[in-house]
Amino acid sequence: MIPVPQTTLAAFAGAYGIAVDAVKHFAGGGPEGDGVIYAYPHGGERRLLKVMAMPAAESARSIHRLEERLRFVRYLGDHGARIVFPLLSPRGALIPFSDRR
């Protein structure tokens, strides 16, 4: 399983205003995947939080491509496509620890 340090999980939970003890493993984390998905309760529903593995050597261009894909999927969801789409962090970011918005 891909290890996600508790401090990292706490930082992501905090970025979305989630109590870290409410975040539970949902899926992923195997060597074939690109991250780990956690679930947490929100307003009587369940939301998912994906923590992706990003190699330190990942180029700025690769991160930009990922962000563009997330923006497009968010656009589809905002316009009625019945899909799972990314939510913005409270700071308005698709990638919570990115300088971009």
Side-chain angles (χ1 to χ4, degrees):
M1 177 133 156
I2 297 171
V4 177
Q6 190 64 22
T7 54
T8 301
L9 188 57
F12 273 98
Y16 285 91
I18 308 162
V20 71
D21 59 338
V23 178
K24 306 295 181 204
H25 181 263
F26 179 77
E32 70 286 350
D34 63 354
V36 183
I37 300 173
Y38 295 91
Y40 64 95
H42 180 78
E45 297 179 345
R46 178 175 57 188
R47 286 193 173 171
L48 301 177
L49 172 69
K50 184 171 184 177
V51 179
M52 294 180 67
M54 297 293 286
E58 195 73 34
S59 72
R61 182 179 172 153
S62 295
I63 293 170
H64 178 73
R65 283 195 311 256
L66 170 62
E67 193 165 27
E68 288 303 309
R69 287 194 339 241
L70 292 174
R71 284 187 196 288
F72 179 68
V73 173
R74 173 139 179 104
Y75 171 85
L76 293 174
D78 281 344
H79 288 86
R82 296 180 52 88
I83 59 171
V84 174
F85 61 97
L87 300 174
L88 299 176
S89 74
R91 291 184 45 233
L94 284 167
I95 301 174
F97 300 109
S98 170
D99 292 334
R100 297 199 227 7
R101 289 188 187 229

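- For Arg69, the side-chain hydrogen bond (donor to acceptor under 3.5 Å, both in side chains) test picks out no residue, with sequence neighbours left out.
- The distance from atom CD of Glu67 to atom NE2 of His64, rounded to the nearest 0.5 Å, is 7.5 Å.
- With sequence neighbours excluded, the residues satisfying side chain to side chain contact (heavy atoms under 4.5 Å, CB included) with Val4 are Thr8, Leu9, Val36, Tyr38, Val51.
- Among pairs with a residue in residues 8-34, those fulfilling salt bridge (Lys or Arg N to Asp or Glu O under 4.0 Å) read Asp34-Lys50, at least two apart in sequence or across chains.
- Looking at residues two or more places apart in sequence or on another chain, you find a side-chain hydrogen bond (donor to acceptor under 3.5 Å, both in side chains) between His42 and Arg47.
- Pro41 and Ala22 make their closest contact through CD-O, 3.6 Å (heavy atoms, listed as atom of the first residue, atom of the second, distance).
- Here the straight-line distance linking atom CD of Glu68 with atom CD1 of Ile63 works out to 13.0 Å at 0.5 Å rounding.
- Note that the CG atom of Leu94 and the CZ atom of Phe85 stand 11.0 Å from one another [nearest 0.5 Å].
- Between the CG atom in Leu49 and the CD1 atom in Ile18 there is a gap of 5.5 Å [rounded to 0.5 Å].
- Contacts classified as side-chain hydrogen bond (donor to acceptor under 3.5 Å, both in side chains) and involving residues 74-90 (residues at least two apart or in different chains) are not found.
- Taking both residues in full, the closest heavy atoms of Val20 and Ala10 are given as CG2-CA, 3.7 Å, listed atom of the first, atom of the second, then distance.
- By the side chain to side chain contact (heavy atoms under 4.5 Å, CB included) test, Phe72 is found to be paired with Leu76, residues two or more places apart in sequence or in another chain being considered.
- Nearest approach of Phe26 to Ala39, heavy atoms of both residues: CB-N, 3.9 Å.
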